[in-house]
Number of protein chains: 2
Amino acid sequence: MLTTEDLFNRVGIAMRFAKDEEIYGEGEAADHVYRMISGTVRTSRFMADGRRPIGDFYYKGDIFGLELGETHEMAAEALSDCAVMVARREAIIQLGGEKALQALVLESTALALTNAREHLSLLVRKSASERVASFLLGMARRGGDNPIELVMGRQDIADYLGLTIETVSRMITQLQGQGVVRFEGCRRFRICNRDALLELAAAA
Amino acid sequence: MLTTEDLFNRVGIAMRFAKDEEIYGEGEAADHVYRMISGTVRTSRFMADGRRPIGDFYYKGDIFGLELGETHEMAAEALSDCAVMVARREAIIQLGGEKALQALVLESTALALTNAREHLSLLVRKSASERVASFLLGMARRGGDNPIELVMGRQDIADYLGLTIETVSRMITQLQGQGVVRFEGCRRFRICNRDALLELAAAA
DNA sequence: CGTCCCGTTGACGTGAATCAAGGATAGTGG
DNA sequence: CCACTATCCTTGATTCACGTCAACGGGACG
């Protein structure tokens with residue numbers, strides 16, 4: 001059985017997207033599948049009232065763009081310059097059969113579900129400081145060791161956490177005041193006291 | 001190909017659970033799968049600080065208890081007296097092969113993802129009244145026509161919406177004041193002005 | 001050096017949480 | 001059938017966290 005990576009290497013083509021470039025739009029036909037090689041992508045939707053729910057952030061190795069329906073429910077945008085492998089659904093079926101696509105759908109859906117659940121618990125976990133603490137921990141988990149680079153701006157964080165940029169900013173300042181984290185410029189930080197941060201983020 | 005329902009009828013056994021009875025606990029081995037016949041089930045998790053995130057409510061025809069991992073991430077509890085078909089994972093594989101189980105996993109995961117997304121948009125959609133309006137609409141969608149019976153208490157609603165019971169109660173009172181819905185006792189209501197309710201629930 | 005964009009900070013208002021009673025309803029035992 | 005109690009729901013008063021509005025700061029770029 002081919003691994004997901006093999007599959008993409010065989011039938012996919014590499015593409016690069018510049019920062020802020022749109023990869024696909026909301027409502028477009030979803031006949032391609034994407035696999036991150038480097039950089040970060042964000043999916044989001046514009047709503048009439050200006051609120052902008054963020055679906056997810058995708059990092060190296062993640063699959064995205066594979067919808068259960070026919071069209072993309074959210075738009076995908078490059079948060080930083082990035083490289084992705086793009087494959088047509090058809091091509092995947094040709095190479096690996098229906099089974100390969102099904103496996104991919106399951107893998108992708110399962111990941112999305114896990115993320116959605118984590119996101120849910122972030123939003124239900126009410127206080128702003130808990131949300132920000134959890135978010136920073138999550139970034140640290142992905143981003144490897146200190147220092148950690150935030151690829152997204154404050155607005156993206158705010159949208160993701162259901163807060164405003166001012167509140168996010170204040171909470172970050174507060175966490176610094178408590179000596180838990182330390183920002184070096186506004187997009188890079190170090191965790192000074194992991195235990196305290198875990199404490200603040202509370203349960204999983 | 002067997003339908004999900006057939007599958008359960010062939011290898012499952014019918015069980016009844018009384019109101020408030022636990023169907024399985026958090027952390028237990030997840031080697032059974034459940035399909036609702038009647039009644040309502042809630043999944044939830046207890047957290048150290050007393051908050052209780054609710055995963056989902058399950059109604060007639062829904063599958064639950066099928067985890068991606070080895071153990072149940074949340075406990076399942078009967079909200080009302082209910083009947084379910086229970087099948088062992090092994091039995092499903094024996095009858096329908098790996099493929100049948102995979103299909104079931106995908107079906108179940110996809111549904112869970114859809115629900116989680118809907119739930120997310122409920123929580124990000126900020127105001128308390130919007131959340132309650134959306135919730136009541138959702139209940140109406142499932143519950144058929146007027147009048148609609150709420151199987152869950154205020155606490156469950158509050159947990160689900162990320163609010164307190166007092167706020168839920170106030171919002172309901174407010175919606176009644178606006179003549180949008182009308183409660184007949186605290187667990188049964190009618191929608192008087194569907195358009196206004198849709199308006200209040202806003203997008204999605 | 002000036003402009004733009006993004007992030008921070010402050011002052012203030014507001015919506016929901018909290019605290020605290022008070023009613024309604026259902027289940028229980030007489 | 002009716003008190004009696006336990007639960008659940010509603011309502012009011014108060015507090016507090018976060019949103020909003022507004023000004024300021026600082027780095028990137030021309």
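Because the structure is a prediction, the values reported are computed rather than measured. In what follows, chains are A, B, ... by sequence order, proteins preceding strands, each numbered from 1. Side chains included, hydrogens not; waters and symmetry mates left out as well; all remaining heavy atoms used.
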- Distance check: side-chain N/O of B:Arg131 vs OP1/OP2 of C:dA16, anything under 4.0 Å? no

- Query: How are the rings of A:His72 and A:Tyr24 set relative to one another: parallel (under 30°), tilted (30 to 60°) or perpendicular (over 60°)?
  - Reply: parallel

- Message: Determine whether B:Tyr34 and B:Tyr58 satisfy the following criterion, ring pair (Phe, Tyr, Trp, His ring centres under 6.0 Å), listing intermediate values before the conclusion.
- Response: CA-CA 10 Å; B:Tyr34 304 79; B:Tyr58 297 93; over 10 Å; no

- Electrostatic pair B:Arg141-B:Glu118, nearest N-O below 4.0 angstrom: yes

- Sequence neighbours left out, what passes side chain to side chain contact (heavy atoms under 4.5 Å, CB included) with B:Gln94? Give chain and number order. none

- Message: Can you pull out the residues from residues 150-159 of chain A that lie within a 4.0 Å heavy-atom distance of DNA chain C?
- Response: A:Gly153, A:Arg154

- Message: Could you check whether any side-chain N or O of B:Asp62 sits under 3.5 Å from a backbone N or O of B:Tyr59, counting only pairs where one atom can act as donor and the other as acceptor?
- Response: yes

- Please report, rounded to the nearest Å, how far the C1' atom of C:dT9 is from the CD atom of A:Gln176. 14 Å

- Message: Without decimals, in angstroms, what is the distance between B:Phe183 CZ and C:dA24 C1'?
- Response: 15 Å

- Query: Going by heavy atoms closer than 4.0 Å, what residues in residues 162-175 of chain A are next to DNA chain C?
  - Reply: A:Glu166, A:Ser169, A:Arg170, A:Thr173

- Query: Rounded to the Å, how far apart are B:Lys19 NZ and D:dC8 C1'?
  - Reply: 11 Å

- Item | Inter-residue atom distance A:Thr109.OG1 - B:Leu113.CG, 0.5 Å rounding | 6.5 Å

- Just by distance, do the side chain of A:Thr40 and the backbone of A:Ser80 share a donor-acceptor pair under 3.5 Å? no

- When rounded to whole Å, the NZ to P distance for the pair A:Lys126 and D:dC16 reads 17 Å

- Query: Mind checking whether B:Phe189 and B:Phe183 have parallel, tilted or perpendicular rings, split at 30° and 60°?
  - Reply: parallel

- In whole angstroms, the gap separating C1' of D:dA17 from CD of A:Glu130 amounts to 12 Å

